[in-house]
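Only one structure is covered here, and it is reproduced in the block below.
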Amino acid sequence: MATVDNARSGTPSRWSGWAGGSDLRNRIIVGALLIAAVFTVIQAVDYRQDVPSNDTYQYARQTLRVLGDSQAQAVHGAVVMFCQDSGQSAARSATLDYGAGTTASAYSSGFAHCLQTYRNGLTPSSPRYIAIFTSRPGYPVLAAPFAAAFGLRFGLWITAMLCTLLGSFLVIMLLRAVGCTVPVALGGQALYLAAPTGYWGSRMLTDGPSLATTLLVLLGAWYLVQQRHRLGSTVLAAGFVTGFLIRYSSEQLVALFVALGALICLKWVRDSRNRGMVLLAAISGGAFVLSEIASTALGWPGLSESLQDTFTRHFIRPDVSNPAGRLVGLDLRFWGYFPVSEPTALLVGAALIAVAIVLVRRDPVYGVLVIAVSFTGIAAVAAHPLVSQADRLMVPVWLLLVLGLPRLIPPRRQTPVAPVREHEPAYTAGPA
């Protein structure tokens, strides 16, 4: 079995991640599945409380299109799914407000009213608005087989759930790769599912799949830090490709910030100046450039169109001039008001900054990479400074807590070091 210090120092070893003795593997698998099962049961109890949003309606419509429905059939099917939940919401309200006996009539009334209101589909429905969602084909494609087998709503829900659980397993793999013990890595998984990453990841949106691809990128990056060039490059590229298909705007931010993080390490962390870090910077930078070229070639909306969506209330109003200047003004107002709208924001922010500082002192390269992907949440909110969306858009920030706090817990014991065959010196972490 590999030593914890060996994994923490970034030295490549075939024992990283899931590997180890059979007892150790069984402990990880049983623990991970148990935590995943508890989370799934909790979310299943809350299944009908997750009322679909307009975004969910758009993904439902795309899923039906993937399954072969016409545009009109897809719109109708997505509206029916949306209105069924609207009827359920009306029935719950009637039960709570007026007592038993009114549930069936409240559901029927709410469902019928919703169908009548949205008989032509939910609004906004302009081609420019719909293009924002058609540029994210990954989630509907993943949901289509489940929707065909189990129904549209369950298909969307279980796809988001499975991607969130996959993300939690990637958290375990990453924490084990950097040297965390099994209980600490399992604690990281539980923290991922209990934090806003788990809540938003389990919604019928692209956040769960997008977070999973981000963690895949980070795992590939760490493998490159360990000088596992082939494996690291493969995992890193897989994360970028899947992230592009799920939500390319988020993938571009991840690629850009990981590349910047790698350059920072090459500049200021002497022990990280090796082939693996150079590959990380090159692949991440190349992924950003290729993503920009591919999205432009496909005609997918870019940042300018996204800003117009924000300032025209989803293209209902005429386009605005100088959207960049308006964004700066909106950001100034938003970030000035944010501590007031979120009373605990300053406390949480201070705690996360403290974790970031201690993490970088403990392990500079790992700390920089985790901070880089976490900062994509801040960048997403800065590009869309809307109070109603801030919690969801900022969710990658919580990766700093999920991946940083377990890394700060010292290992309990050490075991003999596995032999290393690499000739090139690997990155060595800072003093524990």
Side-chain angles (χ1 to χ4, degrees), residues 2-17 170-171 173-180 213-241 243 251-291 356-376 379 396 399-400 403-404 407 417-418 420-432:
T3 177
V4 170
D5 286 341
N6 181 42
R8 180 175 56 203
S9 69
T11 304
S13 169
R14 60 192 179 92
W15 303 108
S16 305
L170 291 172
V171 167
M173 294 181 68
L174 184 56
L175 291 177
R176 288 290 295 153
V178 299
C180 293
T213 64
T214 297
L215 288 165
L216 193 61
V217 166
L218 196 54
L219 182 62
W222 187 251
Y223 285 153
L224 285 174
V225 170
Q226 292 181 311
Q227 303 305 303
R228 303 171 71 179
H229 300 145
R230 181 176 299 178
L231 176 61
S233 299
T234 301
V235 174
L236 186 68
F240 285 135
V241 171
E251 178 268 339
Q252 286 182 336
L253 286 177
V254 172
L256 177 61
F257 287 151
V258 169
L260 291 176
L263 292 176
I264 289 172
C265 291
L266 287 171
K267 176 69 174 178
W268 282 289
V269 184
R270 179 175 300 178
D271 291 337
S272 70
R273 296 170 186 170
N274 50 52
R275 184 185 172 197
M277 191 61 70
V278 172
L279 280 173
L280 176 58
I283 294 174
S284 300
F288 173 78
V289 173
L290 289 176
S291 177
I357 293 173
V358 177
L359 183 61
V360 170
R361 289 177 61 86
R362 176 71 177 271
D363 191 337
V365 169
Y366 180 71
V368 168
L369 294 178
V370 171
I371 291 171
V373 297
S374 300
F375 200 77
T376 61
L399 292 177
L400 179 57
L403 299 174
R407 178 64 183 86
V417 179
V420 179
R421 298 182 178 180
E422 296 283 346
H423 299 293
E424 186 176 2
Y427 160 71
T428 302

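- A distance-only check finds no donor-acceptor pair linking the side chain of R362 to the backbone of I357 [under 3.5 Å].
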Could you go through the side-chain contact (heavy atoms from CB on, under 4.5 Å) check for I371 and F257 one step at a time? CA-CA 9 Å; I371 291 171; F257 287 151; over 6 Å; no

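- Here the closest non-hydrogen pair linking G404 and L359 is CA-CD2, 3.8 Å.
- At distances below 3.5 Å, not a single donor-acceptor pair connects side-chain atoms of Q227 with backbone N or O atoms of N274.
- The two residues Q226 and A177 make their nearest non-hydrogen contact at NE2-O, 3.3 Å.
- Taking OG1 of T234 as the start and CZ of R228 as the end, the distance is 11.5 Å to the nearest 0.5 Å.
- Under the side-chain contact (heavy atoms from CB on, under 4.5 Å) test applied with L170, the options L215, T214, L175 reduce to a single match, L215.
- Within 6.0 Å of the CZ atom in F375, the count of heavy atoms belonging to other residues, nucleotides or ligands does not exceed 12.
- Within the model, atoms CG of L260 and CG of L369 stand 11.5 Å from one another, a figure rounded to the nearest 0.5 Å.
- The CG atom of D271 lies 10.5 Å from the CE atom of M277; values are rounded to the nearest 0.5 Å.
- Contact detail for E251 and F240: the closest heavy-atom pair is CG-O, 3.4 Å.
- From L224, atom CG reaches atom CZ of R230 across 13.0 Å, with rounding to the nearest 0.5 Å.
- The shortest heavy-atom contact between Y366 and L403 is OH-O, 2.8 Å.
- Atom-to-atom distance recorded for H229:NE2 and I283:CD1 is 10.0 Å, nearest 0.5 angstrom.
- Listed here is the closest heavy atom pair of M173 and Y223: CE-OH, 3.9 Å.
- Without hydrogens or angle criteria, T376 side chain to V373 main chain gives a donor-acceptor distance under 3.5 Å.
- The backbone N or O of L400 sits less than 3.5 Å from a side-chain atom of S374, completing a donor-acceptor pair.
- The line from CG of L280 to CZ of R275 is 13.5 Å long, rounded to the nearest 0.5 Å.
- Annotation: side chain of L236 is not in contact with side chain of L279 (no heavy-atom distance under 4.5 Å).
- The nearest pair of heavy atoms linking S272 to V365 is CB-CG2, 3.6 Å.
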